[in-house]
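The structure appears right after this line, and notes come after that.
Proteins get letters first, then strands, A, B, ... in listed order; numbering begins at 1 in each. Predicted, not measured: the structure shown is a model, and the values here were computed from it.
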Amino acid sequence: MSAYLDHASTTPLHPAAREALGVALQDGWADPARLYREGRRARMLLDAARETVAGVLGARPDEISFAASGTAAATLALLGTASARRRAGDLIMVSAVEHSSVLHAAQHHEQAGGRLVEVGVDRFGRVDPAAFAPVPGTAVASLQHANHEVGTVQPVAEVAERLRAAGVPLHTDAAVTVGRVPVDLGALGADLLTASAHKFGGPAGVGILAVRTGTRWRSPGPADEREGGRVAGYPDVPSIVAAAAALAARTAELAAEGPRLAGYVRDLRRRLPELVDGVELLGDPDRAPTVPHITAFSCLYVEGEALLTELDRAGIAVSSGSSCTSDTLTPSHVLVAMGALTQGNLRVSFGRDSTRADLDALLDVLPGAVRAVRARLGADGL
Amino acid sequence: MTTDGPADAGTDPDQDSPAPAATVDSRGRRCPLPIIDLARAFGSVVPGGTITLWADDPAAGPDVAAWCRLRGQELVAARALPAGGEEFVIRRLA
C-alpha cells in the first residue's frame, strides 16, 4: 500500500483552494491596479484575500504582502529590514537550523560585506533564548517558528521579548507552522513573519510576508507600487485568493487534526525502536515542544538515498537529510547542528489526508527496507 | 579500507592506557561506509582498548559521535589530519 508522508515538503491542494482558484480565475484575471470594472473586481478579490490572511494571523491587512514564494518572502523580510537598519548595524543573527532560504539571504548579506552570526541549538534543535542575545550592531535577527526537519518549536515569543528590549527586530520563518498550528503574530511578538501557501494546501507560487506596523523596512531591490511597495511585479491574484481560502479552511480543521497527527507521530516513535535496531529518534515531543505533523529519525549503517529508493519502490514517499541525498554530499546542517546521526535519516510528515493506514504502510515496509540496504552494504548484524 | 592489525599495538612504552588496537583508514569512502568500517573493526577491540578511524567524508564527524552515543562507547579524541580528513579515537567501554 502506498503512502505520501512528505507533507512538510508540500501537500496537495486543499479542496477549498481548488474551488476558490476556479472562481478567481474567472473573476480575478484583470490587473488589480486598474480602475475599470474588471480591475476593480480583481482588486476586491485581492483585498479580501489579504483581509482573510491578516485575520488568521492576527495582523492588519496593510501589514500583509504576497510574494512569489516563501523563499522570496523570507529574503525580502531579512534583507529589507537589514537595509532599513543599516545605520543601526551590519549584523544579521540567525539560528543554525534555519531553512536554507533564510541562511541563503543571510549569506548574501555577508557576501555583500555585512556580518553574520549563527546561534547554535541543543540536541532537540532548539535555541536557548539567553544565547540568542543580540550583539552590538545587530540589524535584524531571524528565528524560525518551528524547524522544518525535526519539527521542534522554537521559543520565539521569549526571544522576541529579549530582542525588543534591545531594539532589534525579529523575523520568524513560519513556513512550518502557518496553516498547521494556530499562529498569532501578536502572541509571537515577531516584527516580521513569512510563510508559504503550498505548505498548507494553497497553490505553489504564493509567499506571505507580514511586516508589523512601525517596523523599519526598505525594499532591498528595485520597487514599484505593488503590494504596498514591498513586492515588485504583477501579483498572481487567483493563486493568492486560493491560498487565502486554504488558510481560512485550515484554521477550522486544526483543533481536530493536531491531536490526530500527533498520535501518529507518538505511535511511530514508540514502535520504531522495536522494529529497527540502531535507530536514533530526533527531537522529543515530550521534552521539547514539536509541531504535530513532523518527526524524524536516523538509522545506523544506512545510506539515506538507498533507503528512499527502497521505500519509493514500495510506494512510500518521505524525505531525507542524509548527505547522499544532497547535491553537495554534505549532511543536513540541521542534523549537524543538533549533533544527530546523519546517516539513514528520514523525515516523516503527515497532512490533513493522512490516515493510520499510511503510518501502518510505512511501518510494514521500513524494517525490511532498512535490512535490505544494510545487507547490500554488508552491514547486517553489526 | 585498510586495517593495520594489533601488531602495531603497544609500541609506545610511555603510554598508560592500552595502545590503539588498530587504525581503520576510511578516507575516500562515503557515508555511511566509514561508520560501517568502524563498527566492523570494533569487534576486535578489547574493553578499555581504543581504535583509530581516519575519514574524510563530511558526515563522519557527527556520525562517529552519534555511533558512540548509540552504542555506548567513548569518543576520546577527534582531530584534523595533516593530509586532510579527520582522525577519531574511540574507546570500548563495554
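Residues meeting the side-chain contact (heavy atoms from CB on, under 4.5 Å) test with A:Ser101, sequence neighbours left out: A:Thr71, A:Ala74, A:His99.
In this structure, the side chains of B:Trp67 and A:Leu341 stay at 4.5 Å or more apart for every pair of heavy atoms. Side chains of B:Leu33 and A:Glu303 form no contact here, defined as non-hydrogen atoms less than 4.5 Å apart. Side-chain contact between A:Glu280 and B:Arg69 is present, with at least one heavy-atom pair separated by less than 4.5 Å. You'll find the side chain of B:Pro58 reaches within 4.5 Å of the side chain of A:Pro331, heavy atoms only.
Annotation: residues 363-382 of chain A contacts chain B through A:Leu377, A:Gly378, A:Ala379, A:Leu382 [non-hydrogen atoms, separation under 4.5 Å].
How far SG of A:Cys299 is from CG of B:Leu70: 10.5 Å, rounded to the nearest 0.5 Å.
Counting heavy atoms of neighbouring residues, nucleotides and ligands inside a 6.0 Å radius, atom NE2 of A:His108 does not exceed 12 of them.
If you measure heavy-atom distances from A:Leu329 to chain B, the contacts under 4.5 Å come from both the backbone and the side chain. Looking at A:Thr342, both its backbone and its side chain come within 4.5 Å of chain B, counting heavy atoms on both sides. Proximity to chain A (any heavy atom under 4.5 Å) is shown, for B:Ala59, by both the backbone and the side chain. Within the 4.5 angstrom heavy-atom criterion, no atom of A:Asn345 approaches chain B.
Nearest heavy-atom pair across B:Pro62 and A:Ala340 is CB-O, 3.8 Å. For B:Ala39 against A:Tyr301, the heavy-atom pair with the smallest separation is CB-OH, 3.2 Å. Taking both residues in full, the closest heavy atoms of B:Arg71 and A:Gly278 are given as NH1-CA, 4.2 Å, listed atom of the first, atom of the second, then distance.
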